[in-house]
Each structure stands twice: as structure tokens, then as C-alpha cells.
Amino acid sequence: MFKNLKEDVEVIFEQDPAARSYIEVILTYSGLHAIWSHRLAHLLHKKKFFFLARVVSQISRFFTGIEIHPGAVIGKRLFIDHGMGVVIGETCEIGDNVTIYQGVTLGGTGKEKGKRHPTIRDNVLIATGAKVLGSIVIGENAKIGAGSVVLKDVPPQSTVVGIPGRIKVQDGVKVNKDLNHANLPDPVSDRLNELQDEIKKLKLELETLRKERSAKKHDYSNL
């Protein structure tokens with residue numbers, strides 16, 4: 001346990017050039033406070049003290065702005081930089097040497113039961129504002145771009161950007177070279193287009209029914 005706490009501090013010095021002293025890091029880094037609070041909350045959660053675990057996590061959320069469910073499993077050397085607005089769900093699993101920036105959500109889609117949050121493998125970096133949703137796996141050494149929304153598994157050694165998240169680099173090779181933020185797919189627009197197509201089909205069917213009904217009335221009138 002003490003070894004993990006020490007590693008939580010050491011990774012900050014490796015990742016953040018602004019860190020100057022142990023006292024400064026221990027007293028002022030909200031990401032570190034959230035991780036340490038979670039380690040206590042998770043211990044209580046494993047011992048089935050669920051209420052106490054949630055109390056600890058909510059107190060931590062109040063002071064740090066970082067919400068980590070006590071059931072989440074977090075590995076060694078997690079670095080939460082700045083951290084305000086970070087949300088980590090109950091069934092989320094995070095490996096070792098993971099870096100998370102502010103505004104990141106590791107959440108569910110609202111449709112699943114049981115394992116409904118992401119699994120983040122070792123050495124993953126998740127940039128500011130990214131949303132990783134559902135029971136998906138983010139492979140080792142992957143990078144999730146700022147503001148991305150990831151809904152599908154990400155292979156190891158990949159870089160994902162956009163909404164929805166698309167693989168831009170895999171194993172050091174560029175994928176989808178034409179992908180840029182000006183031409184990212186728009187799921188709302190796509191859905192509206194689908195609805196327009198459905199409305200057109202319904203109009204055609206309605207017009208067909210009207211013609212058939214009119215033809216039947218004409219036939220009856222000739223009897």
C-alpha cells in the first residue's frame with residue numbers, strides 16, 4: 001500500500017514539470033488527493049462497506065472536482081493532471097502508467113448492465129475533454145485525442161480523434177489521411193438525414209394508399 005502511495009507521487013514529478021517539491025505535490029495536487037481517497041474508498045468497497053465507501057468518494061469529489069466510483073479498479077502510477085470534471089465509473093478498470101487530463105469521462109452508455117464502463121490498458125493517454133463510453137477496451141499505449149468521443153474498442157498503439165472517435169494513427173502509420181476536424185462525421189446530421197428518408201418513404205406509402213382508396217371508391221360508384 002505504501003509503495004503504491006509513493007509511486008503516485010513519483011509519477012507526478014515524471015509527468016509534470018511544474019512539480020517542485022514533495023510538500024507542494026502532497027498538499028496541492030487535487031489529482032493525487034482524488035487517487036489516494038479512491039484507494040481508501042475502494043478498500044472499503046471491497047470489504048462491502050458500500051455506504052462508507054460512497055461517503056469517502058463524495059467528500060473527495062467535493063474537494064477535488066474529480067468523481068471516482070469506489071468500485072473502479074485503478075492500477076499503479078495513474079496521473080490525473082488538473083483533473084477538474086473527471087468522472088470514472090463503477091466498473092471501469094484502469095491499468096498502470098495511465099494519464100488522464102481534465103474533463104475526461106470514463107462512463108457508460110446507459111444501455112448496459114454488469115460491466116458497462118471502459119477498460120483502459122497500460123500506458124494510455126486520454127486528453128482533455130475526451131469521453132470514453134461503454135464496455136470497451138482501450139489497448140496498450142493508445143492515445144485518445146482532446147474532445148474525442150470513443151464508443152468502440154481501440155487497438156494497441158493507436159491514436160484516436162474526433163466524434164465519433166476514428167483511428168488516425170496505428171503502429172506509427174497514418175490511417176484515414178484525409179480525416180480532419182473540419183470534415184468529421186456528424187452523428188446528429190446523419191440521424192436527421194435518416195429521419196428525412198423515413199418520412200419520404202412514409203409519404204410515398206400514404207400516397208399509394210390514398211390512390212388505392214380512391215380507386216376502390218370509383219369502382220363502387222360504377223356498380
Inset, instruction - Could you walk me through whether R61 and E67 pass salt bridge (charged side-chain N to carboxylate O under 4.0 Å, His left out), step by step? - result: CA-CA 5 Å; R61 177 179 180 271; E67 182 174 344; 2.9 Å; yes
Inset, instruction - Decide yes or no on side-chain contact (heavy atoms from CB on, under 4.5 Å) for V150 and I138, but give the supporting numbers first. - result: CA-CA 9 Å; V150 183; I138 309 301; 4.1 Å; yes
Legend entry - salt bridge (charged side-chain N to carboxylate O under 4.0 Å, His left out) assessment of R116 paired with E90: CA-CA 8 Å; R116 60 193 183 278; E90 178 183 11; 2.6 Å; yes
Legend entry - Evaluation steps, side-chain contact (heavy atoms from CB on, under 4.5 Å), between E207 and R210: CA-CA 5 Å; E207 186 64 28; R210 284 176 177 171; 4.2 Å; yes
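Rounded to the nearest 0.5 Å, atoms NZ (K200) and CG (L204) are 9.5 Å apart. Once rounded to the nearest 0.5 Å, the distance linking OG1 of T119 with CZ of R121 reads 6.0 Å.
For F50, the ring-ring contact (aromatic ring centres under 6.0 Å, His included) test picks out H45, with sequence neighbours left out.
Using modelled atom types, no side-chain atom of S57 and backbone atom of V55 make a donor-acceptor pair closer than 3.5 Å. For D153 (side chain) and V137 (main-chain N/O), a donor-acceptor pair under 3.5 Å exists by modelled atom type. Counting only distance, with no hydrogens or angles, the side chain of K203 and the backbone of E205 share no donor-acceptor pair below 3.5 Å. With hydrogens and angles disregarded, no donor-acceptor distance shorter than 3.5 Å links the side chain of R213 to the backbone of K211. Looking at S37, its side chain never comes within 3.5 Å of a backbone N or O of A34 through a donor-acceptor pair. For K76 (side chain) and N97 (main-chain N/O), no donor-acceptor pair under 3.5 Å exists by modelled atom type. The backbone N or O of T91 sits less than 3.5 Å from a side-chain atom of H117, completing a donor-acceptor pair.
Both V56 and L52 are members of a single hydrophobic cluster when ILVMFWY side chains are connected at heavy-atom separations under 4.5 Å. The cluster map of Ile, Leu, Val, Met, Phe, Trp and Tyr, joined by side-chain heavy atoms under 4.5 Å apart, puts L32 and F79 in the same cluster. In the hydrophobic cluster analysis, where Ile, Leu, Val, Met, Phe, Trp and Tyr join through side-chain heavy atoms closer than 4.5 angstrom, V25 is grouped together with W36. Cluster annotation: I66 is not connected to F63 through the hydrophobic network of ILVMFWY side chains, with a link wherever side-chain heavy atoms come within less than 4.5 Å. Both I80 and I74 belong to a single network of hydrophobic side chains, linked directly or stepwise wherever heavy atoms of I, L, V, M, F, W or Y lie under 4.5 Å apart.
Of all heavy-atom pairs between S148 and G162, the closest is OG-N, 3.1 Å. Of all heavy-atom pairs spanning S60 and H33, the tightest one is OG-O, 4.4 Å. Heavy-atom minimum distance, I12 versus A19: CG2-CB, 4.0 Å. Of all heavy-atom pairs between P155 and A142, the closest is O-CB, 4.1 Å. When all heavy atoms of I100 and V98 are compared, the closest pair comes out as CG1-CG1, 4.0 Å. Considering all non-hydrogen atoms of both residues, L78 and V11 come closest at O-CG1, 4.0 Å.
Within the 4.5 Å cutoff, side-chain heavy atoms of R54 are placed close to those of H69. Under the 4.5 Å side-chain criterion, counting only non-hydrogen atoms from C-beta, V124 is not in contact with N141. Inter-residue side-chain proximity for I94 and V73 is flagged as unmet; no heavy-atom pair is nearer than 4.5 Å. For the pair T99/I126, no side-chain contact is recorded, criterion being any heavy-atom separation below 4.5 Å from C-beta on. Side-chain contact between E194 and D197 is absent, with no heavy atoms from C-beta onward closer than 4.5 Å. A 4.5 Å side-chain heavy-atom check between P118 and V132 finds at least one atom pair inside the cut-off. By the 4.5 Å heavy-atom criterion applied to side chains, S135 and K115 are counted as neighbours. Using a 4.5 Å heavy-atom cutoff, the side chains of Q196 and L192 are not in contact.
When the shell of 6.0 Å around NZ of K143 is examined, it contains 12 or fewer heavy atoms from other residues, nucleotides or ligands. For R77, the CZ atom sits in a packed shell: over 12 heavy atoms of surrounding residues, nucleotides or ligands are nearer than 6.0 Å. Open room surrounds CD1 on I23; 12 or fewer heavy atoms of other groups in view lie less than 6.0 Å from it.
For the side chain to side chain contact (heavy atoms under 4.5 Å, CB included) with I144, the qualifying choice from V154, L125, V161 is V154, the only one to do so.
Sorted by first and then second residue, the side chain to side chain donor-acceptor pair (under 3.5 Å) pairs with a member in residues 17-30 read D16-Y29; sequence neighbours excluded.
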